[in-house]
Protein chains: 2
Amino acid sequence: MAKARAAPARSCPVAAFQKMISGKYKLRIVWDLKDGPRRYGEIRSGLLRGMEGSAEITPRVLSRELKALTESGLIDRKDFGEVPPKVEYRLTRKGKSFVPVVAAIRQWGDRNLGESAALVDAAE
Amino acid sequence: MAKARAAPARSCPVAAFQKMISGKYKLRIVWDLKDGPRRYGEIRSGLLRGMEGSAEITPRVLSRELKALTESGLIDRKDFGEVPPKVEYRLTRKGKSFVPVVAAIRQWGDRNLGESAALVDAAE
DNA sequence: TGCGATCCTGCAAGTATGGACAAAATTGAT
DNA sequence: ATCAATTTTGTCCATACTTGCAGGATCGCA
């Protein structure tokens with residue numbers, strides 16, 4: 001990524017995938033959204049959880065990631081015309097179909113990349 | 001990430017995953033290796049296939065990606081002491097366990113990111 | 001001596017990514 | 001008038017990643 005830019009044109013879905021998820025929060029956002037629609041502020045709060053007291057997510061950054069995800073077609077932005085602004089994000093069909101992939105990644109990561117991974121690694 | 005640096009320390013397997021696969025060829029290399037050990041030059045040739053006549057992979061880059069994958073524990077480097085040099089790379093146990101994840105990514109990508117994806121997208 | 005085969009590395013440059021900071025936009029409440 | 005709430009965007013910067021070119025090291029053989 002970072003990622004992965006300069007994708008080999010088309011014809012390589014893996015490269016497209018890498019480009020799509022490049023970004024620090026994209027996968028986490030998708031994961032957070034799997035349980036239902038969330039508002040901007042809710043996503044922001046949700047991303048805070050699990051980050052060991054590190055810095056907050058800058059609004060700018062969150063906005064960019066959300067926009068990128070929207071353009072990728074993974075999430076959908078619904079703007080209620082209210083004031084103060086209220087915006088909801090939710091997974092599209094494509095996004096929902098992507099959740100199992102993320103689940104697979106998480107599961108594999110939990111088993112092979114966590115602190116307990118060293119033990120497993122010992123057995124080559 | 002293109003990619004993903006400054007991982008949230010530990011505790012986030014997804015971030016570790018992103019860091020691990022960041023790089024233009026890492027996933028493809030793992031995929032190529034799933035059928036058995038390959039030599040440096042074979043991997044290089046294999047990566048050429050499927051790239052529409054675009055540039056070759058620089059030795060520098062391939063070397064770096066292979067090294068990174070080795071340090072991640074996904075592949076294993078076996079250096080026969082011969083001359084001219086002969087080096088073989090193959091998946092470790094960890095690497096093999098990772099293949100299904102890549103397969104899931106590929107499958108999802110094929111269905112949702114290829115040229116035919118537009119059709120599917122049409123249905124929201 | 002010169003060439004071939006095979007793999008590895010030092011250095012430099014282009015580019016994107018994450019982040020800081022501030023501001024806009026709207027309407028109701030104080 | 002002034003402030004509050006909520007989301008989005010504009011501009012700028014430092015960092016660090018990815019990539020590419022060129023060169024190097026080894027040994028045998030003609």
Side-chain angles (χ1 to χ4, degrees), chain A residues 1-8 15 18-29 37-48 51 54-72 75-90, chain B residues 1-9 12 15 18-29 37-48 51 54-72 75-90:
Chain A
M1 210 224 315
K3 46 259 319 330
R5 41 210 89 104
Q18 291 196 50
K19 192 187 186 74
M20 202 185 64
I21 67 160
S22 85
K24 202 169 172 180
Y25 308 98
K26 298 224 179 74
L27 284 183
R28 301 187 59 191
I29 293 172
R38 291 274 184 279
R39 296 185 55 184
Y40 180 90
E42 294 173 335
I43 296 175
R44 181 171 174 155
S45 310
L47 287 180
L48 238 69
M51 313 202 29
S54 47
E56 256 184 76
I57 299 98
T58 303
R60 179 72 173 112
V61 176
L62 180 52
S63 207
R64 274 202 301 232
E65 306 255 295
L66 287 171
K67 189 172 182 181
L69 283 172
T70 304
E71 284 169 357
S72 298
I75 69 176
D76 183 45
R77 180 198 140 100
K78 181 172 184 184
D79 189 340
F80 304 71
E82 307 178 6
V83 168
K86 175 176 176 180
V87 187
E88 253 187 18
Y89 294 91
R90 58 177 168 178
Chain B
M1 214 121 76
K3 302 177 313 350
R5 44 209 85 106
C12 189
Q18 291 196 44
K19 192 186 188 75
M20 201 185 65
I21 66 159
S22 85
K24 204 168 171 180
Y25 307 99
K26 297 222 179 76
L27 284 182
R28 300 187 58 190
I29 293 171
R38 291 276 185 279
R39 297 184 55 183
Y40 180 91
E42 293 174 334
I43 296 176
R44 182 173 172 148
S45 311
L47 288 181
L48 238 70
M51 313 203 26
S54 47
E56 256 184 77
I57 299 97
T58 303
R60 172 77 171 110
V61 176
L62 180 53
S63 208
R64 263 183 57 86
E65 305 254 295
L66 287 171
K67 189 172 181 181
L69 283 173
T70 304
E71 286 169 356
S72 298
I75 70 177
D76 185 43
R77 179 197 143 100
K78 181 172 183 184
D79 189 341
F80 304 72
E82 306 177 8
V83 168
K86 175 177 178 181
V87 188
E88 251 185 21
Y89 295 90
R90 59 177 166 179

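In the text below, chain A, chain B and the rest are named by the order of the sequence lines, each starting its count at 1.
Here the C1' atom of nucleotide C/dT6 and the CD1 atom of B/Ile43 are 13 Å apart, to the nearest Å. Between the NZ atom of A/Lys19 and the C1' atom of D/dC17 there is a distance of 15 Å, rounded to whole Å. Across the protein-nucleic acid pair, A/Leu47 atom CG and C/dG18 atom P stand 13 Å apart, rounded to whole Å. B/Tyr25 has its OH atom 12 Å from the P atom of D/dT18, to the nearest Å. Distance B/Leu62 CG to D/dC21 P: 15 Å, rounded to the nearest Å. Taking atom CZ of B/Phe80 as the reference point, atom P of C/dC7 lies 11 Å away to the nearest angstrom. Distance, B/Leu27 CG to D/dT18 C1': 16 Å, rounded to whole Å.
With sequence neighbours left out, the side chain to side chain contact (heavy atoms under 4.5 Å, CB included) criterion links A/Pro59 to A/Tyr40, A/Arg44. Annotation: side chain to side chain donor-acceptor pair (under 3.5 Å) contacts of A/Arg60 (sequence neighbours excluded): none.
Side-chain nitrogen and oxygen atoms of A/Ser22 include none within less than 4.0 Å of the OP1 or OP2 phosphate oxygen of C/dA16. Under 4.0 angstrom from either OP1 or OP2 of D/dC17 there lies no side-chain N or O belonging to B/Lys24. Residue B/Thr58 places at least one side-chain N or O closer than 4.0 Å to OP1 or OP2 of D/dG20.
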Can you give each donor-acceptor pair under 3.5 Å made by side-chain atoms of residues 61-68 of chain B, sequence neighbours left out, with the distance rounded to 0.1 Å?
{"residue": "B/Glu65", "atom": "OE1", "partner": "B/Tyr25", "partner atom": "N", "Å": "2.9"}
{"residue": "B/Glu65", "atom": "OE1", "partner": "B/Lys26", "partner atom": "N", "Å": "3.2"}

Find every protein N or O atom lying less than 3.5 Å from an N or O atom of nucleotides 3-8 of chain D, and list the pairs.
{"residue": "D/dT6", "atom": "O3'", "partner": "A/Arg39", "partner atom": "NH2", "Å": "3.2"}
{"residue": "D/dT6", "atom": "O3'", "partner": "A/Pro85", "partner atom": "O", "Å": "3.3"}
{"residue": "D/dT7", "atom": "OP1", "partner": "A/Arg39", "partner atom": "NE", "Å": "3.2"}
{"residue": "D/dT7", "atom": "OP1", "partner": "A/Arg39", "partner atom": "NH2", "Å": "3.1"}
{"residue": "D/dT7", "atom": "OP2", "partner": "A/Gly41", "partner atom": "N", "Å": "3.2"}
{"residue": "D/dT8", "atom": "OP1", "partner": "A/Arg77", "partner atom": "NH1", "Å": "2.4"}
{"residue": "D/dT8", "atom": "OP1", "partner": "A/Tyr89", "partner atom": "OH", "Å": "2.5"}
{"residue": "D/dT8", "atom": "OP2", "partner": "A/Tyr89", "partner atom": "OH", "Å": "3.3"}

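A/Gln18 places no side-chain N or O within 3.5 Å of a backbone atom of A/Ala15 that could act as its donor or acceptor partner.
Within the structure, no pair that satisfies the side-chain hydrogen bond (donor to acceptor under 3.5 Å, both in side chains) test touches residues 80-89 of chain A, not counting sequence neighbours.
Side-chain atoms of A/Arg64 and base atoms of C/dG19 include a donor and an acceptor less than 3.5 Å apart.
Side-chain contact between A/Leu47 and A/Arg28 is present, with heavy atoms from C-beta onward closer than 4.5 Å.
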